[in-house]
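This report refers to the structure that appears directly beneath it.
Computed from heavy atoms alone, side chains included, the values below leave out hydrogens, waters and symmetry copies. Chain letters run A, B, ... following the sequence lines, proteins first and then strands; every chain starts at 1. The shown structure was predicted, so the numbers you read here are calculated from the model rather than taken from an experiment.
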Amino acid sequence: MKGIARDCLVEFMDRKALWIFVAAILFGIFIVFVTRSIETHVTIESSGTMNLGDISEAFGNPILRAYNSFVSFIVFLAVLASVGLFPRMLERGRVDFYLSKPLSRASLLLNKLLGIFLVYGGAVVASGLVIYLAIGVVHGVFNLSLIYLLLMSLVSFFVWLSITCCFGVMSGSPVMAIMAAFILWAAQKVLAAREVIKAFLDSRIVDYALDFTYYVVPKTSAISDLFIALASGREVSDWMPLWSSLLTSAVLVFVAVWVLKRKDF
Amino acid sequence: MKVIEVHDLTKIYQTRLRKGNVVALDGVTLEVEQGEIFGLLGPNGAGKTTFVKALLGITQITSGTALVAGLPPQDPLSRSRVGFLPENHRFPSHLTGLGLLEFAGRLHKIRPGRIHERADSLLQLVGMEKWAGTRLRKYSKGMSQRIGLAQALMAEPDLLLLDEPTDGVDPIGKVEIKEVLKRVREEGKTVFLNSHLLSEVESLADRVAILSKGKVKRIGTVDEFTRRSLRYEIEAAIGNERIDIPEKIGRRISITTKGMTVELIKEEYINQIIDQLRMKRVMIRSVTPVKITLEQSFFETLTGAEEKPA
């Protein structure tokens, strides 16, 4: 396990993926500084009657939203940066190296998945933490509930990783893997508005099909909303987007292992 | 002890469009003993690489059985004491030479201290210590082969499977690789060699098999391959003397004023030929069993052709 995880880290450093995250962090810090001047303006308008705590409370929700957007963007970068790793491992000539070693195909794939998750997920969390600190220092908002969004980023990254893993193993192509991820992303957006679609199409079969597809397709946007609610201190009544997405991810990983076990190289 | 046991091994690749299946291996049966260097020869597309991949479980077997160190290829433990150098390999290019050896060691679950010792000695063995810190993507083909051989030796394997090991290696490198393989054999390890370079196999291998269109055409020791059965070269001052070889004892392959080559039905008939020459007062300088190169034997096995009698 340690061997493959360490290899993922070496590959991460060699591919200069680190710089993508550094660039995103710098951009995030820049935005944090830009928004600082807006706050200063509000303080002047309030004629000094509001303290820093009041300001952070008044702006808590926008900061939460902005932070969520940043973390989602970082997850998107992590997915893009890692999408080619599975097909690359299975390239002709390279896969022989891995498969000639005394480890099963299932453990090879699962270790690779875990290694990528730890390394790229770690980069996502580290980026999120840096921006969290920047927000704290610049805006004086050290809101621990923002950490919920880091947890959300890890769940979301795992869901996308399982998708790129499954389609990457099945097709052997990073392009196909990213296309599949994009199609599923678009599908979840469309399915989120399924009630509107149902209203237009008066068919029970279509209703069932839409509901079924909605439950099957990973719902990272809904997961994001769910964690925003948690971070805002609101109660979450429906955990379905989280567990159904994780269930779908587990199925996708299982399918990837099943396909890899049967593949000829 | 048998390190490789393969019985009636068949591999059929099913094409995606179902236009027809490709039979890569067709009932291959062979065994390789511990401590021998075994050469697998064959033209392109004969199934040599598929055979090695089937032994390692890289490609799935359609039917038949294969055992490596007594275990089926599906069992990862069968690969725990096996080193493999693939043909046209593309090792992870983000690694350095040393990094590749360390990674291979970790995948073989060698303890960390031993990995470093082993990597250092192997880098020295294949003459790559100067390039240990260079990324693999900057390696030439010859350097890649050397480091590939080193990673195959990382786990101190009992069986070394090499697919075209000297491909792209310069002549000095080839000699060095041969020396390494001889040393591996001296340690009692088994080497399974896939190669197009017949002279290389001839100088290294104890036994050889020729594979063609997925079938084993011939198998035997290098001596059996290179020795013409009951064919002798007689060096003698024949001049213009007429030497007749009766059909019942054999045939004459060629004749010059300085000697002739004959092929006999039984070994003892050579005495009749010698008697005939002595009766005719022909000075006999030598009588030698004819040997051919493995290359000649290879072509004859594949084409069924042989030299025609004179």
Side-chain angles (χ1 to χ4, degrees), chain A residues 1-19 81-82 84-112 114-116 119-120 169-173 176 257-265, chain B residues 11-14 24 49-50 52-62 68-69 71 73-96 99-100 102-110 112 115 135-137 144 148 151-152 154-155 157 161 163:
Chain A
M1 159 57 211
K2 261 162 59 183
I4 294 178
R6 193 190 286 199
D7 182 59
C8 289
L9 183 64
V10 175
E11 196 171 19
F12 174 78
M13 300 304 280
D14 181 68
R15 294 176 74 221
K16 300 180 177 59
L18 178 69
W19 298 111
S82 63
L85 297 178
F86 293 104
R88 189 191 288 210
M89 182 181 76
L90 303 177
E91 271 176 8
R92 216 180 153 84
R94 184 170 294 191
V95 70
D96 302 336
F97 170 76
Y98 290 101
L99 296 184
S100 62
K101 302 293 178 279
L103 70 167
S104 67
R105 293 186 182 200
S107 74
L108 171 68
L109 189 70
L110 294 175
N111 283 334
K112 185 79 179 174
L114 195 59
I116 295 172
V119 172
Y120 287 77
V169 168
M170 282 201 293
S171 67
S173 152
M176 293 300 282
V257 169
W258 187 81
V259 169
L260 184 64
K261 272 185 164 182
R262 275 149 192 80
K263 258 198 169 185
D264 260 341
F265 294 99
Chain B
K11 172 65 193 174
I12 299 170
Y13 287 106
Q14 289 182 333
T49 297
T50 302
V52 174
K53 285 187 173 183
L55 291 181
L56 290 163
I58 295 173
T59 196
Q60 321 276 344
I61 293 167
T62 307
V68 176
L71 295 168
Q74 298 81 9
D75 186 344
L77 281 178
S78 69
R79 298 186 286 277
S80 56
R81 298 301 298 266
V82 175
F84 176 47
L85 171 63
E87 186 190 18
N88 299 327
H89 51 73
R90 293 174 68 186
F91 295 125
S93 57
H94 57 272
L95 295 174
T96 61
L100 178 74
E102 288 176 343
F103 187 32
R106 281 193 288 271
L107 292 178
H108 272 287
K109 299 179 181 100
I110 303 173
I115 287 177
R135 298 239 182 258
L136 296 179
R137 69 171 79 93
S144 294
Q151 69 79 30
M154 219 25 221
L161 296 165
D163 203 352

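Residues of residues 99-108 of chain A lying under 4.5 angstrom from chain B, judged on non-hydrogen atoms, are A:Leu99, A:Ser100, A:Lys101, A:Pro102, A:Leu103, A:Ser104, A:Arg105 by number. Residues of residues 102-109 of chain B lying within less than 4.5 angstrom of chain A, judged on heavy atoms, are B:Phe103, B:Ala104, B:Arg106, B:Leu107, B:His108, B:Lys109 in numerical order.
Ranked by heavy-atom pairs under 4.5 Å with chain A, the first of B:Thr50, B:Leu55, B:Val82, B:Thr59 is B:Thr59.
Heavy-atom distances place no part of B:Arg81 under 4.5 Å from chain A, backbone and side chain included. With a 4.5 angstrom heavy-atom cutoff, B:Gln74 does not touch chain A via any of its atoms. Looking at A:Glu11, the atoms closer than 4.5 Å to chain B (heavy atoms on both sides) sit in the backbone and in the side chain alike. Interface remark: B:Pro92 contributes backbone and side-chain atoms alike to the contact with chain A (heavy atom separation under 4.5 Å).
Here the straight-line distance linking atom CD of B:Gln60 with atom NZ of A:Lys261 works out to 10.5 Å at 0.5 Å rounding. We find the CG-CG distance between A:Asp96 and B:Leu161 to be 11.5 Å, quoted to the nearest 0.5 Å. Here the straight-line distance linking atom NZ of B:Lys53 with atom CZ of A:Phe265 works out to 9.0 Å at 0.5 Å rounding.
Counting non-hydrogen atoms of neighbouring residues, nucleotides and ligands closer than 6.0 angstrom, the CZ atom of B:Arg90 reaches no more than 12 such neighbours. Within a 6.0 Å sphere centred on CZ of A:Arg92, other residues, nucleotides and ligands contribute 12 heavy atoms or fewer.
Put simply, the side chain of A:Asp7 reaches to within 4.5 Å of the side chain of B:His94, judged on heavy atoms. A 4.5 Å side-chain heavy-atom check between A:Arg94 and B:Ser93 finds at least one atom pair inside the cut-off.
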